[in-house]
Amino acid sequence: MSETAKLTLDGKEYELPIIESSVGDKGIDISGLRAETGYITADSGYGNTGSCQSKITFIDGEKGILRYRGYPIEEIAKNSSFIEAAYLVIFGKLCTQEERDDFAKLLEQNAALPQPMLKHFDGYGSDGQPMAILSAMVNSLTAYDPSVMHPKDESDVTYAAANLMSSVRTIAAASYKASIGEPIMPPRYDMKYVENFLHMMFSKPYHEYVPEPEVAVALNMFLALHADHEQNCSTSTVRMVASSQANMYASCAAGITALWGPLHGGANVAVVQMLQEIQEEGLDPEKFMDLVKDKKSGRKLMGFGHRVYKNFDPRAKILKGACFDMLEKLNVSDPLLDVALKLEEVALKDDYFVERKLYPNVDFYSGIILRAIGIPLDMFTVMFAIGRMPGWIANWKEVHDDPKARIYRPRQIYTGEVERHWVPRSERS
Ligand code: ACO
């Protein structure tokens, strides 16, 4: 007989089925609770809610484990290009050479944006927020690919996935060029994904940018490390939108806007701003810690803490090592790395951080890598969005492929006025 959980409510006992996992947290199925008991469950910020069953990514926050489709993140960071990691996340398996070539062909076909779409960039001001442009333009892709509204079969979904993966990179680079008033560089057909992105970002007419191999390696790793992270804020948003049967592009555009906030993907910008402030104003890291520990200050140590990781974030560990490697190979130094190292050292010895299990997260060191590559600060969260696209697509696909999928519709515990009656405006005080 399968395991159940017992719940006693108002003197009556209820049995709740257990949902098994392959590894990690099991679930208690409360889907029939309201109908049986009249109660719903409350879980602010969804910290204890399993919103779905998924086969994509596994995290053990206590042990600092992250696996895509069962493969440890350390092995992916060491061996995989971003596109190979993306294929794994989206399609659930390591690609054969033939599958890799077919997918690369689709990426190549979709690297250039539809010509009319380029006109959109003229409409944004030079100080247009790149995340606003990215989300709007990704949503606009639907207007140029009507088949995404009702994919007939798996090949339509694969096409949409490749279009989105390829276009997001072109849109990102084009929005940067538009923002600095330079001509938009078309993609090249002889370049790999990451090199092509760097070309579109940094080449100018008659001046071809050729990235150092270390730069392409570091950017591939940065993107692969961001490829998925199970039910975070933006991915849950994608699933929420997908559950209404909205198309892949619209659902992922919603993911981009959710990523934007400083408590999520926007943290990589906030970290660098914080490090710059400390460095430029010559603040003492120990004193800065007093500030972030003082709740009244409204400050946080950006790039520290995580809802799931209560040990270390394995991505932060990998990125910290990559930072040193890259700066050494490019023979550059970044004073912000010294500030970050000092802050980490102080925080890891401080009771406030130890007791609350706050460790560096993925954003703490990633900004230093992006700076070394030459990515401007206001493009940092855009870089995260390019990296996270495979995870959003895979999660959209999981909802789309699930014959039992239901529209997401949480309930609430209402705490407002019970009932009031209309008062004409002239009688209101
Ligand atoms: N600096 C100072 N104190 C912190 C920090 C921080 N970075 N993070 C958490 N705390 C404190 C909280 O104030 C709280 O203290 P209390 O128990 O005295 O009230 C305690 O630690 C628990 O924190 P919560 O806010 O409850 O943790 P939650 O899981 O809700 O939030 C989050 C996680 C949003 C990541 C939080 O740690 C944070 O704001 N970090 C800084 C922003 C950041 O780096 N975000 C990127 C996250 S990774 C990503 O999205 C890619």
Side-chain angles (χ1 to χ4, degrees), residues 42-49 57 59 61-62 64 66 68 73 131 222-238 255-275 277-278 283 285-320 336 339-340 343-370 377 380-392 395:
D43 180 20
S44 154
Y46 306 127
N48 205 53
T49 294
T57 288
I59 301 175
E62 270 72 35
L66 168 61
Y68 299 160
I73 194 67
M131 286 295 275
F222 167 92
L223 295 171
L225 287 179
H226 285 76
D228 193 40
H229 211 239
E230 56 117 302
Q231 300 314 313
N232 54 78
C233 177
S234 55
T235 303
S236 299
T237 302
V238 170
I256 294 171
T257 51
L259 186 74
W260 195 353
L263 295 189
H264 191 14
N268 60 12
V269 177
V271 169
V272 168
Q273 285 168 335
M274 175 187 78
L275 297 176
E277 179 192 343
I278 295 172
L283 301 178
E286 313 244 355
K287 290 226 173 75
F288 187 77
M289 284 305 172
D290 292 339
L291 193 68
V292 296
K293 288 190 288 182
D294 175 8
K295 295 278 178 335
K296 287 195 256 47
S297 76
R299 299 291 302 258
K300 279 186 168 175
L301 183 56
M302 299 311 285
F304 256 71
H306 198 277
R307 172 62 61 81
V308 179
Y309 293 120
K310 299 301 171 197
N311 186 320
F312 60 88
D313 179 338
R315 302 166 301 173
K317 227 179 189 181
I318 298 168
L319 282 171
K320 184 177 175 182
L336 297 194
V339 179
L343 282 178
E344 183 186 356
E345 188 194 324
V346 175
L348 295 184
K349 282 193 216 136
D350 189 309
D351 283 349
Y352 175 96
F353 291 89
V354 175
E355 279 160 16
R356 289 170 178 76
K357 301 187 175 166
L358 303 171
Y359 292 87
N361 60 46
V362 67
D363 294 316
F364 197 64
Y365 286 104
S366 66
I368 294 168
I369 293 195
L370 295 179
L377 191 59
F380 279 19
T381 314
V382 169
M383 300 307 295
F384 192 152
I386 299 174
R388 185 52 55 83
M389 198 49 82
W392 291 334
N395 276 274

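Computed from heavy atoms alone, side chains included, the values below leave out hydrogens, waters and symmetry copies. First listed ligand is number 1; within each ligand, the first listed atom is number 1. Quick note: residue numbers are just sequence positions, from 1.
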- Can you pull out the closest protein heavy atom to atom 1 (N) of ligand 1? Residue, atom name and distance to 0.1 Å, please. L301 N, 3.0 Å

- Sub-3.5 Å N/O-N/O distance, R299 and ligand 1: no

- Query: Centroid-to-centroid, F364 to H306, below 6.0 Å?
  - Reply: no

- Query: Which atoms of ligand 1 are found less than 4.0 Å from any heavy atom of G303?
  - Reply: 43 (C), 44 (O)

- Message: Using a 4.0 Å heavy-atom cut-off, which part of D313 comes near ligand 1: side chain, backbone, both, or neither?
- Response: neither

- Under 4.0 Å from one or more heavy atoms of R307, ligand 1 contributes atoms 28 (P), 29 (O), 30 (O), 33 (C)

- Can you name the one residue among N268, I369, L370 that meets side chain to side chain contact (heavy atoms under 4.5 Å, CB included) with M383? L370

- Main-chain N/O of Q231 paired to S236 side chain as donor or acceptor, under 3.5 Å: yes

- Contact check: V362 vs ligand 1, nitrogen or oxygen atoms, below 3.5 angstrom: no

- Task: May I ask you to check if ligand 1 and K310 share an N or O to N or O distance below 3.5 Å?
- Result: no

- Message: Please report whether ligand 1 has a polar contact with V292, defined as an N or O pair separated by less than 3.5 Å (distance criterion only).
- Response: no

- Tell me, do R388 and N232 make a side-chain contact under 4.5 Å, heavy atoms counted? yes

- Message: Under a 3.5 Å distance rule, please check whether N361 uses its side chain to pair with a backbone N or O of Y359 as donor and acceptor.
- Response: no

- Task: Please indicate, with yes or no, if any protein heavy atom is found under 4.0 Å from atom 22 (C) of ligand 1?
- Result: no

- Message: Using a 3.5 Å cut-off on N or O atoms only, is N361 in polar contact with ligand 1?
- Response: yes

- Does the H226 side chain pair with the main chain of F222, one donor and one acceptor, at a distance under 3.5 Å? yes

- Query: Taking the non-hydrogen atoms of Y352, is any one of them nearer than 4.0 angstrom to ligand 1?
  - Reply: yes

- Item | Proximal ligand 1 atoms for L263, defined as those under 4.0 Å from one of its heavy atoms | 39 (O), 45 (N), 46 (C), 47 (C), 50 (O)

- Message: Checking a contact table here: which protein heavy atom is nearest atom 48 (S) of ligand 1, and how many Å away?
- Response: H306 CD2, 3.7 Å

- Task: Look at the aromatic rings of Y309 and H229 and report parallel, tilted or perpendicular, splitting at 30° and 60°.
- Result: tilted

- Flag: protein heavy atom within less than 4.0 Å of atom 50 (O) of ligand 1: yes

- Looking only at protein heavy atoms, identify the closest one to atom 42 (C) of ligand 1 and say how far it is in Å. M302 CE, 3.5 Å

- Residue pair L348 / F353, side-chain heavy-atom distance below 4.5 Å: no

- Any donor and acceptor pair, going by atom type alone, linking the side chain of Y68 with main-chain N or O of A224 inside 3.5 Å? yes

- Message: Considering non-hydrogen atoms of the protein only, which is the closest contact for atom 40 (N) of ligand 1, and what is the distance?
- Response: F304 O, 2.9 Å

- Query: Pairs in or reaching into residues 310-319: which pass salt bridge (Lys or Arg N to Asp or Glu O under 4.0 Å), with residues at least two apart or in two chains?
  - Reply: D313-R315

- Item | Residues N395, T235; criterion side chain to side chain donor-acceptor pair (under 3.5 Å); working and verdict | CA-CA 7 Å; N395 276 274; T235 303; 4.9 Å; no

- Task: Pull out every atom of ligand 1 sitting under 4.0 Å from any heavy atom of A267, numbered as shown with elements.
- Result: 43 (C), 44 (O), 45 (N), 46 (C)

- Query: Would you say G45 contacts ligand 1, with heavy atoms under 4.0 Å as the rule?
  - Reply: no

- Item | D363 neighbourhood, listing ligand 1 atoms whose heavy-atom distance to it stays under 4.0 Å | 46 (C), 48 (S), 49 (C), 51 (C)

- Message: If we set the cut-off at 4.0 Å for heavy atoms, which region of F384 has an atom near ligand 1: side chain, backbone, both, or neither?
- Response: side chain

- Looking only at distances, please establish whether an N/O atom of ligand 1 is found under 3.5 Å from an N/O atom of L358. no

- Item | Minimum-distance protein heavy atom relative to atom 36 (C) of ligand 1 | K300 NZ, 4.1 Å

- Query: Backbone N or O of T49 within a donor-acceptor pair of the D43 side chain at under 3.5 Å?
  - Reply: yes

- May I ask you to identify the nearest protein heavy atom to atom 35 (C) of ligand 1, giving residue, atom name and distance to one decimal place in Å? G305 O, 3.6 Å

- Query: Can you tell if the side chain of I256 reaches within under 4.5 Å of the side chain of M389, non-hydrogen atoms only?
  - Reply: yes

- Note on the structure: Logged contact type for R356 with ligand 1, heavy-atom cut-off 4.0 Å, is side chain

- Message: If you define the side chain from C-beta out and look only at heavy atoms, does anything of L225 sit under 4.5 Å from L319?
- Response: yes

- Heavy-atom protein neighbour under 4.0 angstrom from atom 26 (O) of ligand 1: no

- Message: With a 4.0 Å cut-off on heavy atoms, is K295 in contact with ligand 1?
- Response: yes

- Item | N/O donor-acceptor pair under 3.5 Å between D294 side chain and D290 backbone | no

